[in-house]
Amino acid sequence: MVKMNSLEALVAQIQGLSGNSSDIHQLHGHLKQSDQFLYSESTRLAPVLTQLDPAKHSLGYLYLLEAVTSAPFSKERANELVVVVARFINACTAKQIRLAPDKFISVCRRFKDQVMLLEAPMRAVAPLLTAIQKLQPSTEHLTTLHPDFLLVCLSTKCYKTGLHLLEDNISEVDQPRDFFLYCYYGGMICIGQKHFGKALELLHNVVTAPMSTLSAIAVEAYKKYILVSLIHLGQFTTSFPKYTSSAAQRSLKNYCQPYLELANSYSTGKISELQTFVQMNRDKFVVDTNLGLVKQVVSSVYKRNIQRLTQTYLTLSLQDIANTVQLSSPKEAEMHVLQMIQDGEIYAAINQKDGMVRFLEDPEQYKTCEMIEHVDSSIQRMMALSKKLTAMDEKMSCDPSYVSKAGRERQRFDFDDFDGVPQRFNL
Amino acid sequence: MKPMPVDFFGEDDVGSAMDVDDDVETLEIFGEGGAGPIAAVDHHRLADNDFFNSFEDDFDDSDIN
């Protein structure tokens with residue numbers, strides 16, 4: 001009875017103190033004090049939620065919902081909770097839930113776990129995107145929910161929806177693991193959409209990110225980086241940039257030997273050898289769920305060889321293309337050429353009457369209004385990025401941790417690099 | 001002229017803004033201590049080895065027309 005009165009009192013407070021900022025601040029204090037009480041009553045809170053409006057009483061609703069979802073749940077219960085949480089995410093007020101970001105993240109993460117348990121990840125795609133947009137202070141902030149959202153996009157093959165989120169420029173990261181997962185899953189989203197250039201950029205970020213211990217995410221990212229590099233660039237270099245962590249430089253290749261050997265075999269240009277290597281190591285690629293990408297690597301050899309032909313010939317028969325590139329028939333050659341024309345990888349026209357392919361010049365003259373606008377917007381983006389980098393550099397050079405570390409490392413660099421930094425900088 | 005795709009791990013002929021003098025050691029900002037060489041591949045030593053990576057799609061597009 002006492003507990004029910006306490007619960008009723010809390011609900012009354014939530015209903016009465018959700019009107020303005022000052023009231024909400026006061027309410028937040030009450031809710032924090034009631035945290036343990038709510039957890040102890042978690043199994044009885046679900047009916048209480050119906051007395052609250054998720055839009056008006058978002059903060060109070062969040063506290064109760066977080067307690068409700070903290071209890072272990074069955075598959076049947078998960079189905080009910082998924083509906084409640086999705087409705088809350090859609091209706092809640094961003095200003096209120098940002099006051100308790102950890103609780104909001106907990107609710108959303110459990111929501112993701114529940115849909116995965118139900119094997120219905122599609123139910124989380126839209127709500128998680130909404131949750132991110134409400135949680136993040138700006139589009140430049142990476143939240144813990146970003147990788148969860150990309151995970152459900154990958155599980156449901158909603159690559160286009162995931163790609164939309166990847167268009168934001170991220171400059172604020174709280175947790176390294178979130179960054180690793182965001183870039184790894186993001187790379188996979190781009191692979192799914194065949195945006196291989198962007199995929200390389202994201203996977204590169206994982207591999208070269210600062211890490212004191214090698215991350216399993218970086219290992220998997222490096223494997224995919226090797227494959228995408230072969231598909232997109234037709235080559236792969238084993239050297240790491242100097243800013244790569246020593247942990248990665250020291251150990252990463254040990255975990256990716258079959259992929260490095262694949263790259264070696266690819267570089268010989270001998271398709272039969274490459275295919276033999278793939279067949280012998282098939283199981284390893286299957287375990288890594290990379291066999292499909294490996295097949296794309298093999299296909300890309302034919303593409304590279306056809307692209308080389310465009311640099312030598314103006315016209316060539318489909319039969320000659322098939323013979324040179326080691327395809328089984330002119331028909332197969334035609335399919336490859338058509339696909340490459342469609343993907344913008346070559347410019348050509350096929351005369352089906354005589355089976356001749358005419359290779360054409362890139363029609364882009366780079367003087368259309370669209371191209372000028374594209375160049376102009378790229379310049380604007382670069383200028384904005386340069387300004388942001390300058391501001392970040394200035395901020396970092398005033399950071400006590402950085403200055404302290406740089407001061408200790410001073411003797412390893414030229415005097416001019418750290419002019420004015422005392423040798424011993426103790427804080 | 002077609003824009004050239006960028007190889008992020010390749011060595012450029014033209015010096016880049018990221019170039020560092022060869023005689024300077026990599027700045028260990030995050031205090032990475034010296035650790036001995038890993039004798040054998042051991043996934044249990046890896047950080048984040050519990051991350052979710054079980055996706056159905058392996059990007060096999062050989063069956064797509």
Side-chain angles (χ1 to χ4, degrees), chain A residues 151 154-155 157 177 180-181 184 188 191-192 194 196-197 200-201 204 207-208 210-220 225 229 232-233 235-247 249-251 254-255 257 286 289-293 295-296 299 362 364 366 402 405 409 412-413, chain B:
Chain A
L151 186 157
L154 284 166
S155 300
K157 300 183 191 177
R177 184 185 158 105
F180 292 170
L181 288 173
Y184 176 65
M188 290 176 70
I191 291 169
K194 296 198 181 293
F196 293 123
L200 283 179
E201 184 186 310
H204 163 94
V207 174
T208 60
M211 57 185 93
S212 52
T213 308
L214 186 60
S215 168
I217 304 167
V219 169
E220 298 308 313
Y225 183 92
S229 188
H232 187 54
L233 303 174
Q235 62 179 13
F236 169 74
T237 44
T238 56
S239 57
F240 291 106
K242 286 184 167 63
Y243 49 84
T244 309
S245 71
S246 54
Q249 291 201 48
R250 203 167 45 235
S251 313
N254 296 339
Y255 291 87
Q257 279 305 317
V286 167
T289 326
N290 280 331
L291 183 63
L293 259 189
K295 288 182 184 175
Q296 287 199 43
S299 294
D362 181 356
E364 180 59 64
Y366 296 93
Y402 171 77
K405 178 76 178 180
E409 299 287 336
R412 296 165 63 188
F413 298 94
Chain B
M1 179 185 77
K2 205 181 281 185
M4 292 295 290
V6 177
D7 179 2
F8 287 94
F9 287 157
E11 299 285 342
D12 290 334
D13 290 336
V14 177
S16 89
M18 300 300 296
D19 277 356
V20 176
D21 290 340
D22 284 339
D23 60 349
V24 172
E25 292 171 34
T26 307
L27 185 60
E28 305 259 349
I29 293 286
F30 287 84
E32 298 160 27
I38 296 177
V41 168
D42 182 0
H43 285 265
H44 294 294
R45 288 178 184 234
L46 295 174
D48 307 315
N49 61 2
D50 59 343
F51 86 100
F52 184 88
N53 197 30
S54 304
F55 300 104
E56 189 189 307
D57 192 4
D58 70 345
F59 308 112
D60 183 357
D61 61 356
S62 56
D63 57 347
I64 298 172
N65 293 319

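Keep in mind that this is a model prediction, so the values were computed, not measured. Note that these values count all heavy atoms, side chains included, but never hydrogens, waters or copies made by symmetry.
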(message) Please classify the contact of A/Y184 with chain B as side chain, backbone, both or neither, using a heavy-atom distance under 4.5 Å.
(response) side chain

(message) How long is the straight-line distance from CZ of A/R250 back to OG1 of A/T244, given to the nearest 0.5 Å?
(response) 12.5 Å

(message) Out of A/Q257, A/K194, A/K295, A/R177, return the one with the most heavy atom pairs under 4.5 angstrom to chain B.
(response) A/R177

(message) Under a 4.5 Å cutoff for heavy-atom pairs, which residue among A/I191, A/T213, A/L181 has the most contacts with chain B?
(response) A/I191

(message) To the closest 0.5 Å, what do you measure between OG1 (A/T289) and CZ (B/F55)?
(response) 9.5 Å

(message) Taking A/S239's backbone N and O only, do any of them form a donor-acceptor pair with A/T237's side chain (distance below 3.5 Å, no angle check)?
(response) no

(request) Would you check if the side chain of A/Q296 reaches a backbone N or O of B/F59 as a donor-acceptor pair within less than 3.5 Å? (result) yes

(request) Answer with side chain, backbone, both or neither: which region of A/S299 has an atom nearer than 4.5 Å to a non-hydrogen atom of chain B? (result) neither

